[in-house]
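Report on the following structure.
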There are 2 protein chains.
Amino acid sequence: MDDQVVQWDTRADCDVRKILDRVADKWSLLVIALLDRRTMRFSELRRAIDGVSQRMLTVTLRQLERDGLVTRTVYPVVPPRVEYELTALGFSLHEVIKSLVVWTEEHQREISDARTAYDERTTEEERLLQAPMAR
Amino acid sequence: MDDQVVQWDTRADCDVRKILDRVADKWSLLVIALLDRRTMRFSELRRAIDGVSQRMLTVTLRQLERDGLVTRTVYPVVPPRVEYELTALGFSLHEVIKSLVVWTEEHQREISDARTAYDERTTEEERLLQAPMAR
DNA sequence: CAGAATCCGGCGAGATACTG
DNA sequence: CAGTATCTCGCCGGATTCTG
């Protein structure tokens, strides 16, 4: 019986869970995905990631820096110039995340089709429930 | 000039972004990671994922079902028995996510070390700022 | 330009109670 | 057992203002 169940950790406060929560973060994911090799400035990232607020980008970048995934380089010029770059660790994560992005691009059609089908099934059921006394 | 920047979409409301938000969801990630081949019952998933509330597990499973990633099978017995299983699409995502989990396991040490180092640097700086007039 | 600090409103998510 | 339904609170995150 090759009952090979991968049953990893499980506790909410284990390291893997805590790190996954970070990695699975909406903005973190996008930053890591965008920072490909080259360095990027703060405002450049801000423009590249539509919808991110200044505050959330700052917070996200600080977390990533703390996790050792990006480096933050401040150039003492005026106006200030701050550049962000993936560390080696960050780049190894980048590659994993990139495969996730690629997966999403490849299957977005199947997913939106599934959503449409599901919604139609659901609204159809609701329609039937609306008039259960019919006939 | 091989300025090969992968610059994918960018808009907050594009399909890839919307799907990534779902995929990058904390509970979704864990459910997909846990559902490996075999089917699992609701309560089984609930026990396996420490910290998830009944409500959030229900919501998460509904979303995954809507996205065509899991199937939901209700057995009309009493007490009710509901089983969840990955679809083919869901399993292909499972493999990507699994590589993410593996990455996390392999690098959790580096990350926690980086966090410790960062925190020490930070508190040290704060300590210096606390007594700038010293001497 | 790249933040830090502050304020605050919405809603995500937990707790609880009820049901087929 | 596997959900719904409802209420409520916390805090996430946006908007704004102020610096080096």
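Below, chains carry the letters A, B, ... as their sequence lines are ordered, and counting in each starts from 1.
- At whole-Å resolution of the value, CD in A/E83 and P in C/dC1 are 15 Å apart.
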- Message: Is there a salt bridge (charged side-chain N to carboxylate O under 4.0 Å, His left out) between B/R66 and A/D119? Walk through the geometry before answering.
- Response: CA-CA 8 Å; B/R66 177 170 180 259; A/D119 291 346; 2.9 Å; yes
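- Phosphate contact (OP1/OP2 of C/dA2, side-chain N/O of A/R41, threshold under 4.0 Å): present.
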- Apply side-chain contact (heavy atoms from CB on, under 4.5 Å) to the pair A/H94 and A/D36, showing each step before the final yes or no. CA-CA 7 Å; A/H94 168 87; A/D36 192 354; 3.4 Å; yes
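- In summary, B/E44 and B/R46 do not engage in a salt bridge, as defined by a charged side-chain N under 4.0 Å from a carboxylate O.
- No engagement by A/R46 is indicated, since no non-hydrogen atom pair under 4.0 Å with the nucleic acid exists.
- Distance A/F42 CZ to C/dG3 P: 5 Å, rounded to the nearest Å.
- Rounding to whole angstrom units, CG of residue A/L45 and C1' of C/dG3 are separated by 14 Å.
- The residue among B/P79 and A/P79 whose nearest nucleotide of DNA chain D lies closer to the 5′ end is B/P79.
- Separating the CG atom of A/D21 from the C1' atom of C/dG12 is a distance of 15 Å, rounded to the nearest angstrom.
- Contact check, B/S43 against D/dA2: a side-chain N or O comes under 4.0 Å of OP1 or OP2.
- Relative to the ring axis of B/Y84, B/R41 does not place its NZ or CZ within 45° and under 6.0 Å from the centre.
- Taking every side-chain heavy atom of A/Q54 into account, C/dG3 is the closest of C/dC1, C/dG3, D/dG14.
- Straight-line distance from the CE atom of B/M56 to the C1' atom of C/dA15: 14 Å, rounded to whole Å.
- Per the geometry, CG belonging to B/D50 stands 15 Å off C1' belonging to C/dG14, to the nearest Å.
- Using a cutoff of 4.0 Å between basic side-chain nitrogens and carboxylate oxygens, A/E120 and A/R115 are not scored as salt-bridged.
- Rounded to whole Å, atom C1' of C/dG14 lies 12 Å from atom NZ of B/K26.
- Atom C1' of nucleotide D/dC1 and atom CD of B/E44 are separated by 13 Å, given to the nearest angstrom.
- In the set C/dG3, D/dA2, D/dT6, the nucleotide with an atom closest to the side chain of B/R55 is D/dT6.
- When side chains are defined from C-beta on, B/T73 does not count as touching B/E85, because their heavy atoms never get closer than 4.5 Å.
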Identify all side-chain donor-acceptor contacts of residues 51-59 of chain B below 3.5 Å with residues at least two apart in sequence or on another chain.
residue	atom	partner	partner atom	Å
B/S53	OG	B/M56	N	3.2
B/T58	OG1	B/Q54	O	2.9

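- Of all the residues in residues 58-78 of chain A, not one reaches under 4.0 Å from DNA chain D with any non-hydrogen atom.
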